[in-house]
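Below is one structure, written out as structure tokens; comments come after it.
Quantities reported herein were computed from a predicted structural model and do not represent experimental measurements. The residues of the chain are indexed from 1 along the displayed sequence. Quick note: numbers below take in every heavy atom, side chains included, and nothing from hydrogens, waters or symmetry partners.
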Amino acid sequence: MEKREQLYEGKAKKVYATDDPNLVIVSYKDDATALDGLKKGTIAGKGVVNNRMSNFLMQLLEKNGVKTHFVEELSDRETVVKKVSIVPLEVIIRNVSAGHFAQRYGVEEGIVFDEPTIEFSYKNDDLHDPLLNAYHALALKLATREEIEEIKSMAFRVNDVLKAFFKSLNVNLIDFKLEFGRTADGTIILADEISPDTCRFWDASTGEKLDKDRFRRDMGGVEDAYKEMMSRVFGN
Ligand code: ADP
Ligand code: UDP
């Protein structure tokens, strides 16, 4: 496996070509952004936590029948993944009210739902990732009807697996964002990352926030929260 030219630099990761056209290398940075890009900073060690945690969770999901982009961890910050064409939807699953859900509907954070919810936003920074429903996604040809059905059922399956796993670490999985992509043969697989950047984690006993909300909300203890999640997942 040979690392070639940089294809893309995003807010949190860089993507490199390899000598295999079906594989890319993702490299996790410590850069953090929030509030639609308005807030910028670094979280020391975040790239390592997100890379290793995401890889661990993707492998757990594979064992539970969810196809993912994970191929091989190269180092603390770099991983080989299957190259996909990303479906431009941010898929958000919620088990408990928080963040934009609480704001949008005028309810407090922490309401436990009887059933998980799903929502989509159009992954488009210029438009500020507007919320849309499956009909809008179809109208905009972002995905086919079959792909949307597949994405929905995969996203709920991911929730079942992750919720149970984090519960065993005394962590409640509040909500999270997923991205899916199409491989060369058109198969839909889980891509991007699953980490404290993309999930809300609350300690099940104390309610303490162990995720990027500590950065978004200037709560302090950001690095410690990422480290705490890392040690719960991997043990000390
Ligand atoms: P952003 O683009 O939102 O700033 P990142 O900094 O995380 O996000 O950049 C990583 C980019 O790589 C994202 O645009 C993401 O959709 C994309 N990506 C994630 N997984 C894959 C994959 N397996 N193949 C191709 N692109 C991917
Ligand atoms: N999320 C994400 N990227 C985004 C928007 C949201 O990873 O661009 C995650 C976020 O970390 C949270 C969940 O999706 O776990 C729901 O986020 P919400 O819609 O409440 O928006 P936020 O308040 O995080 O901006």
Side-chain angles (χ1 to χ4, degrees), residues 11-12 28 30 32-36 38-39 41-61 64 66 90-121 129 131 154-179 190 192-236:
K11 297 182 287 286
Y28 285 73
D30 286 350
T33 63
L35 311 176
D36 199 21
L38 241 62
K39 189 176 169 65
T42 53
I43 301 173
K46 169 172 90 78
V48 175
V49 173
N50 289 7
N51 179 46
R52 294 194 53 209
M53 192 184 297
S54 191
N55 291 342
F56 178 91
L57 295 173
M58 296 257 179
Q59 290 174 88
L60 176 70
L61 289 165
N64 284 276
V66 179
E90 298 204 333
V91 180
I92 293 172
I93 297 275
R94 301 178 190 271
N95 297 305
V96 177
S97 67
H100 276 116
F101 182 96
Q103 274 177 18
R104 195 188 304 138
Y105 303 119
V107 296
E108 76 228 56
E109 296 196 303
I111 301 165
V112 181
F113 303 146
D114 292 339
E115 298 279 339
T117 67
I118 189 164
E119 70 204 44
F120 302 108
S121 4
D129 299 341
L131 197 64
M154 286 174 79
F156 284 122
R157 175 99 187 122
V158 169
N159 186 46
D160 289 341
V161 174
L162 294 188
K163 212 169 74 172
F165 172 67
F166 284 109
K167 194 76 205 178
S168 78
L169 308 179
N170 203 42
V171 168
N172 287 330
L173 177 62
I174 305 305
D175 58 28
F176 56 94
K177 183 266 299 178
L178 300 174
E179 293 182 25
L190 181 63
D192 205 49
E193 67 177 277
I194 308 173
S195 71
D197 271 16
T198 65
C199 303
R200 284 193 171 93
F201 298 126
W202 294 359
D203 181 273
S205 307
T206 64
E208 188 190 358
K209 295 188 198 312
L210 297 170
D211 57 60
K212 196 177 167 187
D213 269 348
R214 301 198 78 88
F215 171 78
R216 292 190 191 98
R217 303 179 185 189
D218 294 317
M219 299 170 73
V222 186
E223 277 89 0
D224 284 345
Y226 279 70
K227 272 191 216 134
E228 175 63 24
M229 283 308 302
M230 182 84 154
S231 65
R232 290 210 198 176
V233 169
F234 291 99
N236 271 308

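For Phe56, the ring-ring contact (aromatic ring centres under 6.0 Å, His included) partners two or more places apart in sequence, or in a different chain, are Phe165, Phe234. Residues passing the side chain to side chain donor-acceptor pair (under 3.5 Å) test with Asn170, sequence neighbours excluded: Ser205. Listed by chain and number, the residues in a side chain to side chain donor-acceptor pair (under 3.5 Å) with Glu90 amount to none (sequence neighbours excluded). The salt bridge (Lys or Arg N to Asp or Glu O under 4.0 Å) test applied to Asp211 returns no partner, not counting sequence neighbours. Residues passing the salt bridge (Lys or Arg N to Asp or Glu O under 4.0 Å) test with Asp129, sequence neighbours excluded: none. Not counting sequence neighbours, the partners of Leu131 by the side chain to side chain contact (heavy atoms under 4.5 Å, CB included) test are Arg104, Glu119. Applying the side chain to side chain donor-acceptor pair (under 3.5 Å) test to Tyr226 and every residue at least two apart in sequence or in another chain returns Asp197. Partners of Ser54 according to the side chain to side chain donor-acceptor pair (under 3.5 Å) rule, which considers only residues two or more places apart in sequence or in another chain, do not exist here. Listed by chain and number, the residues in a salt bridge (Lys or Arg N to Asp or Glu O under 4.0 Å) with Asp218 are Lys39 (sequence neighbours excluded). For Lys167, the salt bridge (Lys or Arg N to Asp or Glu O under 4.0 Å) criterion is met by no residue, not counting sequence neighbours.
Once rounded to the nearest 0.5 Å, the distance linking CG of Asp224 with OG of Ser231 reads 10.0 Å. Taking CE of Met229 as the reference point, atom CG of Asp203 lies at 9.5 Å (rounded to 0.5 Å). Separating the CG atom in Asn51 from the CG atom in Asn55 is a distance of 4.5 Å, to the nearest 0.5 Å. Once rounded to the nearest 0.5 Å, the distance linking CG of Asp192 with NZ of Lys177 reads 4.0 Å. Interatomic distance, CZ of Arg200 versus CG of Asp213, reported as 4.0 Å (0.5 Å rounding).
Heavy atoms only, all atoms of each residue included: Ala12 and Glu193 are closest at CB-OE2, 4.5 Å. What you find for Ile111 and Glu108 is that their closest heavy atoms are CD1-O, 3.6 Å. Residues Ile174 and Ser97 come closest through the heavy atom pair CG2-O, 4.5 Å.
Residues Asn172 and Val96 fail the side-chain proximity criterion, which asks for heavy atoms closer than 4.5 Å.
A salt bridge is absent between Arg214 and Glu228: the closest approach of a Lys/Arg side-chain nitrogen to an acidic carboxylate oxygen does not fall below 4.0 angstrom.
Residue pairs meeting the ring-ring contact (aromatic ring centres under 6.0 Å, His included) criterion with at least one partner in residues 91-114, sequence neighbours excluded, are Phe101-Tyr105, Phe101-Phe113. Sorted by first and then second residue, the salt bridge (charged side-chain N to carboxylate O under 4.0 Å, His left out) pairs involving residues 47-60 (not counting sequence neighbours) form an empty list.
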### Message
Run Asp160 and Arg157 through salt bridge (charged side-chain N to carboxylate O under 4.0 Å, His left out) and show every step you take.
### Response
CA-CA 5 Å; Asp160 289 341; Arg157 175 99 187 122; 5.1 Å; no

### Message
Evaluate Glu208 against Arg232 for salt bridge (charged side-chain N to carboxylate O under 4.0 Å, His left out), listing each step before the verdict.
### Response
CA-CA 14 Å; Glu208 188 190 358; Arg232 290 210 198 176; 5.6 Å; no

### Message
Checking Tyr28 against Val49 for the side-chain contact (heavy atoms from CB on, under 4.5 Å) test, could you report, in this order, the C-alpha distance in whole Å, the side-chain angles of both residues, the deciding distance, and whether it holds?
### Response
CA-CA 9 Å; Tyr28 285 73; Val49 173; over 6 Å; no

### Task
Please test Lys46 against Val222 for side-chain contact (heavy atoms from CB on, under 4.5 Å), starting from the C-alpha separation and ending with a verdict.
CA-CA 9 Å; Lys46 169 172 90 78; Val222 186; over 6 Å; no

### Message
Please determine whether side-chain contact (heavy atoms from CB on, under 4.5 Å) holds for the pair Asp30 and Ile43, giving the CA-CA distance in whole Å, both sets of side-chain angles, and the decisive distance to 0.1 Å.
### Response
CA-CA 5 Å; Asp30 286 350; Ile43 301 173; 5.6 Å; no

### Task
Please test Ile118 against Phe156 for side-chain contact (heavy atoms from CB on, under 4.5 Å), starting from the C-alpha separation and ending with a verdict.
CA-CA 8 Å; Ile118 189 164; Phe156 284 122; 3.8 Å; yes

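Side-chain atoms of Asn95 come within 3.5 Å of backbone atoms of Leu173 as a donor-acceptor pair (strictly under, hydrogens ignored). Formation of a donor-acceptor pair under 3.5 Å by the Ser195 side chain with backbone atoms of Met53 is not found in this model.
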